[in-house]
Each structure stands twice: as C-alpha cells, then as structure tokens.
Visitor: 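One structure coming up, written as structure tokens, with questions to follow.
Throughout, a chain's letter reflects where its sequence line sits, starting with A, and its residues are numbered from 1.
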Protein chains: 2
Amino acid sequence: MALGHAIMTALLDDDLSGYELARDFETSLGFFWQASHQQIYLELRKLSDKHWLSKREVTQRGKPNKIVYGMTRAGREALAAWVFTSTRTQVAKDDLLVKLYNLDSANAAHLSGEITARREEMMRRLYLYEKIRRRHYSIPETLPTRRKGVYLALSLGIHQGEQFLAWCDEALVLLATVEN
Amino acid sequence: MALGHAIMTALLDDDLSGYELARDFETSLGFFWQASHQQIYLELRKLSDKHWLSKREVTQRGKPNKIVYGMTRAGREALAAWVFTSTRTQVAKDDLLVKLYNLDSANAAHLSGEITARREEMMRRLYLYEKIRRRHYSIPETLPTRRKGVYLALSLGIHQGEQFLAWCDEALVLLATVEN
DNA sequence: TCAAAATATGCATACTTTTGCATATTAGAA
DNA sequence: TTCTAATATGCAAAAGTATGCATATTTTGA
C-alpha cells in the first residue's frame, strides 16, 4: 500500500486537496511514485476511513469547493512505522528494454525515435530537478534532517537521469549502425 | 500486456517451459521485467489460447514432464507489431525513495541499513552483468543485430547500477551526519 | 528408507493500476 | 451567450500483479 504512504508523505507538512496532491505529484514525489487523480481520490478516502487522514471541506471563491486532507496523529504514527518495514528491491519494468531485445533492421529506426523522445523528456525533467536543487538544496550538509532525505532522492534522480542521457547517446550511435 | 511480450521475447530463439522461463527471467530479461512463476504460467496459457504460442508436452527421464512453449507465426507477427507501438515513459516506483522523504533522526540508521543492503544486492547484480558482458558482448559493433539490442539493455543496467553504487555512498555519508 | 532438494505446474484470492466515463463550478475569451 | 479551460471530485470495469496455498515426480544424500 505504498501509494497511501506516498500521499501521506506529501501531506507531512501541508494539508492538501486531492486535486492539489495530484498536481504536486507531477513535480515532486511523483518523480518517484506517479499516480492518476482517480487513484489519489480513492486512496484519500480509504486513508480517511482509517482515520489516518482528517478531511474538511473548504469553501472557495472563484473555484469549486475542495476537500482538504491533513495527517492525523494515527496517520503520522502509521507512516513512521512503515518507514521501518523492510523494502524489497523493485525492478523498474520498462517496455523499451524489452523492445530492444527485439531489435532488427525493420524496427531500428522506430526504436531510435523512441529513445530520442525519451532523451528529450529526460532533459526536460533534469532541467526541473536542477532548478529545484539550485533553489532549495544547494548545500545538503546544512539542511534540516527531513530535507536531507528529499535531497538524496533528488540527487538519485539527477544522477540516474544524466546517466540515462549518456546511455541514449550510446544507444543512438549503435542503432545507427543497424539502420544502414 | 507487456509480460506477455517479455515472455514471447524470451521465446524468440528457444522453446522453453514455464519453469525454464521463470529461471531464465532471473538472469536475463528479468533484470528488466520480473515476474513470479505463477504469473508466467498463467500468461503462457493465455498466450497459447490466443495461438501466439504453441505448446507440447515433453516426457523427461529423471524429472517430471514439462510443457514446452514456442512462438507461432502469429505470435512473431504480434510481437513485431508491438515493438512499433509507442511506449509511455515508466517511472520506477520505489518505496525507498518515499521513505527517504520521511527521514528523521529516529529512522536514519534503519534507512542506512536498507541502502547498504541495496548496495550489496546491486554489487552482486553488477558482477553478473559484467560476467555476461565479458562473455557475450565484448565488441558490440560486431554483434548480430538483435544481440546489439540486448547489449544496449545490459549496458543501461550496468551504467545505472554503477551510478546507483555511487549514490549509495553519497547517501550513506549524508545519513551518517543525521544519525549523530 | 526417509527426507530434502530440484523440477514442474497450477488455482484462488487479494491488491494495485489503468482506462473510460461522468459530473459540477467558475472565469474568461470569443 | 456560448464555448473553452481550469478547478474539483468521483464511479465502475478491466487489466495487471502479487501472494499464499497446493500438488506431483524424481534424484541424491543421510
């Protein structure tokens, strides 16, 4: 039930509505755990049924009302306990790699295209990562404790992303030898 | 339905039983797409119901009989067509990163332990990767086409793995400043 | 001879994720 | 005024994945 834990993690410091959570997920925790708004709304209700989240409706002007969720004491305790559970390694399942196992002269150009698209997407993401790091995490040693953890997650994202760019370049060169 | 495609990919060159597939998955395609034997057996039946795989029972001496699956013409066509479909980027969902967002002085030691365990696991995996690369993929440019694709997948695994080791070291240093 | 290990396959259930659909409010532009 | 976009929430069905349980054959070693 890690989506629930990801949601609670996002609610550690701020109370948020489902809509806000879904949007924030796209530029923060969602780097490491993506979820659709349907999943998020459903999970929020489950969590509040368990009394791990409190809910309150907020009347807004200029916008539809929203339901804002916040962590309860029980939620914080459950989340803190979950951190101590042991995690089995999770393999990234990636279609692209399975497709590469099927490389032939007919699909080489298509796969090059897919890799090029991924490369561009990763560059955009890296740009975002770097922006966040420069703004909020320039000197990790001096950060408050929890922010150090966030910094480390971001750091992994950046390193893996840069690595991925390098791999794309290697792949595109090798694929070019197939296309001809 | 990418598990099906991963299974068919594994059957491109060899006919295999569910048991053999499950074992091979642990040291090859399973690096990029892991599945339990239960999933594999179920998927094999689905694929053969679709006539994308053929099945035959093989009588063995010294072992229980096995059911060996092989790609049909229709299966090869379906797989080849699938390679041309476009893949959306898949985010690696990883509990450990969500847990890092919850870093505090109480759980820092536990998280260090988890990272150390992951580091060791990755080292074992890298050892395997390297062994395979040295044996089968030393000069990528001269490989037959499909093997070039497999090489690239392996190459990504190796680079990302080495990157991960470096990140683990960085993380352990920073976490040590929290524990004290 | 008995137990353990490797080989071999499978069902049932639960959980998670994806996808398609559905609805409502308000602002601002055409 | 009507349409579009952003905000906001949700249901239902299907597909995919994970987990626990169950069973059978044969070799090998104790």
Visitor: Rounded to the nearest angstrom, tell me the gap between atom CG in A:Asn65 and atom C1' in D:dT7.
Guide: 11 Å
Visitor: Under 3.5 Å, is there a donor-acceptor pair between the side chain of B:Glu20 and the main chain of B:Ser17?
Guide: yes
Visitor: Does the side chain of A:Arg45 get closer than 4.0 angstrom to OP1 or OP2 of D:dT9 through an N or O atom?
Guide: no
Visitor: What's the CG-P distance between A:Asp49 and D:dG10, to the nearest Å?
Guide: 11 Å
Visitor: Protein-nucleotides 12-16 of chain C N/O pairs closer than 3.5 Å?
Guide:
from	atom 1	to	atom 2	distance (Å)
C:dT16	OP1	A:Met1	N	2.9

Visitor: Tell me the interatomic distance from A:Gln34, atom CD, to C:dT19, atom C1', rounded to whole angstroms.
Guide: 14 Å
Visitor: Tell me which nucleotide among C:dT18, D:dG10, C:dG10 gets nearest to the side chain of B:Tyr69.
Guide: C:dG10
Visitor: Strictly distance-based, threshold 3.5 Å: is any side-chain N or O of A:Lys99 a donor or acceptor partner for the main-chain N or O of B:Thr85?
Guide: yes
Visitor: Between the protein and nucleotides 22-25 of chain D, list every N/O to N/O distance that falls short of 3.5 Å.
Guide:
none

Visitor: So, A:Thr72 side chain and A:Trp52 main chain: donor-acceptor pair closer than 3.5 Å or not?
Guide: yes
Visitor: Tell me the interatomic distance from B:Ile67, atom CD1, to C:dA8, atom C1', rounded to whole angstroms.
Guide: 9 Å
Visitor: Would you say the side chains of B:Thr9 and A:Asn102 form a donor-acceptor pair under 3.5 Å?
Guide: yes
Visitor: Could you say whether A:Lys66 or A:Leu42 is positioned toward the 5' end of DNA chain D, judged by the nucleotide with the nearest heavy atom to each?
Guide: A:Lys66
Visitor: Between B:Gln39 (side chain) and B:Ser36 (backbone), is there a donor-acceptor pair under 3.5 Å?
Guide: yes
Visitor: Should the pair A:Glu121-A:Arg124 be classified as a salt bridge under the 4.0 Å nitrogen-to-oxygen rule?
Guide: no
Visitor: Applying ring pair (Phe, Tyr, Trp, His ring centres under 6.0 Å), name anything that partners B:Phe84, two or more places apart in sequence or on another chain.
Guide: A:His110
Visitor: Short of 4.0 Å, heavy atom to strand atom, which residues of residues 12-24 of chain B count as contacting DNA chain C?
Guide: B:Ser17, B:Gly18, B:Tyr19, B:Arg23
Visitor: When the distance from CD1 of A:Ile7 to P of D:dT9 is rounded to whole Å, what number comes out?
Guide: 12 Å
Visitor: Regarding A:Tyr151 and B:Glu170, is there a side-chain donor-to-acceptor distance under 3.5 Å anywhere?
Guide: yes
Visitor: Which other residues belong to the hydrophobic cluster containing A:Val68, where Ile, Leu, Val, Met, Phe, Trp and Tyr are joined when side-chain heavy atoms lie under 4.5 Å apart, directly or via other members?
Guide: A:Val58
Visitor: Round to the nearest Å and state the distance from A:Arg56 atom CZ to D:dA8 atom C1'.
Guide: 16 Å
Visitor: Roughly how many Å is it from CD1 in B:Ile40 to C1' in C:dC11, rounded to a whole number?
Guide: 17 Å
Visitor: Less than 4.0 Å between a side-chain N and a carboxylate O, is that true for B:Arg118 and B:Glu114?
Guide: no
Visitor: Under 6.0 Å from the six-membered ring centre of A:Phe164 and within 45° of its axis: does the NZ or CZ of A:Arg119 meet both?
Guide: no
Visitor: Are B:Tyr41 and C:dG10 close enough that a side-chain N or O sits under 4.0 Å from OP1 or OP2?
Guide: no
Visitor: Hey, does the side chain of A:Gln60 come within less than 4.0 Å of D:dA8's phosphate (OP1/OP2), counting only N and O?
Guide: yes
Visitor: Should side-chain heavy atoms under 4.5 Å link Ile, Leu, Val, Met, Phe, Trp and Tyr, which residues sit in the same cluster as A:Ile139?
Guide: none
Visitor: Roughly, in whole Å, what's the span from CG in B:Leu44 to P in D:dT17?
Guide: 14 Å
